[in-house]
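Notes follow once the structure below has been shown.
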Number of protein chains: 2
Amino acid sequence: MRNISDIIEEYLKKIMHSNQHKIIEIKRSEIADRFECVPSQINYVINTRFTLEKGYLVESKRGGGGYIRISRITNEDKAQLIDEIIEMIQPKISQLKAVNILERLLEEELITKREAKLMVNAIDRNTLPFQLPLRDEIRARIMSAMLNALKYEI
Amino acid sequence: MRNISDIIEEYLKKIMHSNQHKIIEIKRSEIADRFECVPSQINYVINTRFTLEKGYLVESKRGGGGYIRISRITNEDKAQLIDEIIEMIQPKISQLKAVNILERLLEEELITKREAKLMVNAIDRNTLPFQLPLRDEIRARIMSAMLNALKYEI
DNA sequence: GATAATATCTGATATATTCCGCATTTTCCC
DNA sequence: GGGAAAATGCGGAATATATCAGATATTATC
C-alpha cells in the first residue's frame, strides 16, 4: 500500500501530462478533500516532489480566489551551468568578476545584450550603497537571484 | 470557477480595450447589478487592479450623475515613461508595487517575460536581507538602475 | 534497538476577497 | 434654503485561501 503522498503526486502528474501545456492550477482544499487529508499535506507533496531541481515551477496565490499553479519546465544543461556559476559567486563577488561572468553568458548567447545591461546596472557599485565586504555580498545575492530566473524557459 | 473580482476586472479591461481611446466611464451600481454583487465590490476591484503602478488613472464623482472613469495611461515616449516610473518609485517602493510596474511594462511589451522575471527576482524580499524601510529603499535603487538600462535600444 | 529519513498533522501567520454600515458629495425638487 | 434621492468612498469585520515551523508518527537503514 503506497502512502498518500505518492498517490497525490501521481494524480497531479497524471493531470499535468494530460494537459497539452503541462501546466495545472489547483486548489489545495479541493485536492485535500478528494484524498481525505489535511490541506497542508498538499504543501508537503508539492514542496518535496515538484521542485525546481526536478523540473517544476510552482506559483501560488493566497486568499479568496487562491490557487496553486504548477508548470513543467525544461533545459537541464543550461540550468546546470547557471547553478555552477551561482555556486562560484557565493558568498560574495566583486563587480569586476560579476561583469566578466555576464560577458561570458553574453558570448555564449545565454543572455541578450539588454539582459546583460540590465544586470550590470542592478549590481553596479553605484546602485548598492554599502561598504565592502557587504556590497560584494549583496551583489552576490542579487546576481544569484537574477541568474536563477534564467535557468529555465517557461 | 474564478472569483467575482477577476471576472469584473476582465470585463472592464475588455470594454476598455474595445474603446479606441482606452477610457471608460461606468456607474458603480450598474456594474454591481450586472454582476450581482454589492456596489463597494467595484471599489475593491478598481483599487486593487486599476492602480497607477499598473498604468491606470481613476477619476470619480459622487452624487447624482456620479460616475467612475478609468483611463489607460499612454506614453508615446518610452524613455519618458521609464523616467516617470523611476520618479514614482523614489525613494522607496514595496515589492507588490514594483511587481505591478513590471507587469505593466510587460503588458505594453516594453520588456520580455524573461526580463520581467529577472527583475522580479532581483528585487524580491528574499533577495534583499534588510529590515523595512531599508529593504524598500534598496529595492527602489536596484529597480531604477535596471529601468535605466531599458530606456534606449542598444 | 538506535538513528535517520520521510510522512502527516497542528496551529499560527500571511494574503486576498466580500460585504456591512456608515460617511460624504452632488443633484433635484418643493 | 432644506430635505430627499442619487450617487461614490471607506474602515473594518468576516470569510476564504495559502504558507510555514514544529511536533509527532511512520518507515527505512544500519
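Chain identifiers are assigned alphabetically (A, B, ...) following the order of the sequence lines, protein sequences preceding nucleic acid strands; residue numbering begins at 1 within each chain. Note that this is a predicted model, so its numbers are computed, not measured.
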Under 3.5 Å, side chain of [X] to main-chain N/O of [Y], donor-acceptor pair present?
X	Y	result
B/Gln90	B/Ile86	yes
B/Glu36	B/Asp33	no
B/Ser18	B/Ile15	yes

So the ring-ring contact (aromatic ring centres under 6.0 Å, His included) pairs with at least one residue in residues 98-121 of chain B (sequence neighbours excluded) are none
Applying ring-ring contact (aromatic ring centres under 6.0 Å, His included), which residue pairs with at least one partner in residues 53-97 of chain A are found, sequence neighbours left out? A/Phe50-A/Tyr56
Close approaches to DNA chain C from residues 59-66 of chain B, in residue order (heavy atom, under 4.0 Å): B/Lys61, B/Arg62, B/Gly63, B/Gly64
Can you sort out which residues in residues 41-49 of chain A have a heavy atom within less than 4.0 Å of DNA chain C? Ascending by number, please. A/Gln41, A/Tyr44, A/Arg49
Closest approach of A/Ser71 to A/Glu59 (non-hydrogen atoms, all atoms of both residues): OG-OE1, 4.3 Å
The side chain to side chain donor-acceptor pair (under 3.5 Å) partners of B/Thr127 (sequence neighbours excluded) come to none
Terminal contacting nucleotides, 5' and 3', DNA chain C versus chain B (heavy atom, 4.0 Å): C/dA16 to C/dT27
Spacing of CG belonging to B/Asp77 relative to CG belonging to B/Leu81, to within rounding of 0.5 Å: 8.5 Å
Interatomic distance, A/Met143 atom CE to A/Leu147 atom CG [nearest 0.5 angstrom]: 5.0 Å
Pairs flagged by salt bridge (charged side-chain N to carboxylate O under 4.0 Å, His left out) wherever [range] is involved - sequence neighbours left out:
range	answer
residues 85-105 of chain A	A/Arg104-A/Glu108
residues 121-149 of chain B	B/Asp136-B/Arg139
residues 3-22 of chain A	A/Arg2-A/Glu10, A/Asp6-A/Arg49, A/Glu9-A/Lys13, A/Glu9-A/Arg49

Taking ring-ring contact (aromatic ring centres under 6.0 Å, His included) as the test, write out the residues that go with B/Tyr44, two or more places apart. none
In whole angstroms, the gap separating C1' of D/dT26 from CZ of A/Arg2 amounts to 17 Å
Please report, rounded to the nearest Å, how far the C1' atom of D/dT15 is from the CG atom of B/Asn3. 13 Å
Using side-chain heavy atoms (C-beta onward) and a distance below 4.5 Å, is B/Val58 in contact with B/Leu52? no
Derivation of the side chain to side chain contact (heavy atoms under 4.5 Å, CB included) call for A/Ile70 and A/Ile46: CA-CA 9 Å; A/Ile70 311 176; A/Ile46 289 173; 4.2 Å; yes
Would you mind reading off the bend of the helix from C/dG1-D/dC30 to C/dC30-D/dG1 from its two end axes, five pairs each, to 10 degrees? 0°
Quick check on contacts: within residues 23-36 of chain B, what sits under 4.0 Å from DNA chain D by heavy-atom distance? B/Lys27, B/Arg28, B/Ser29
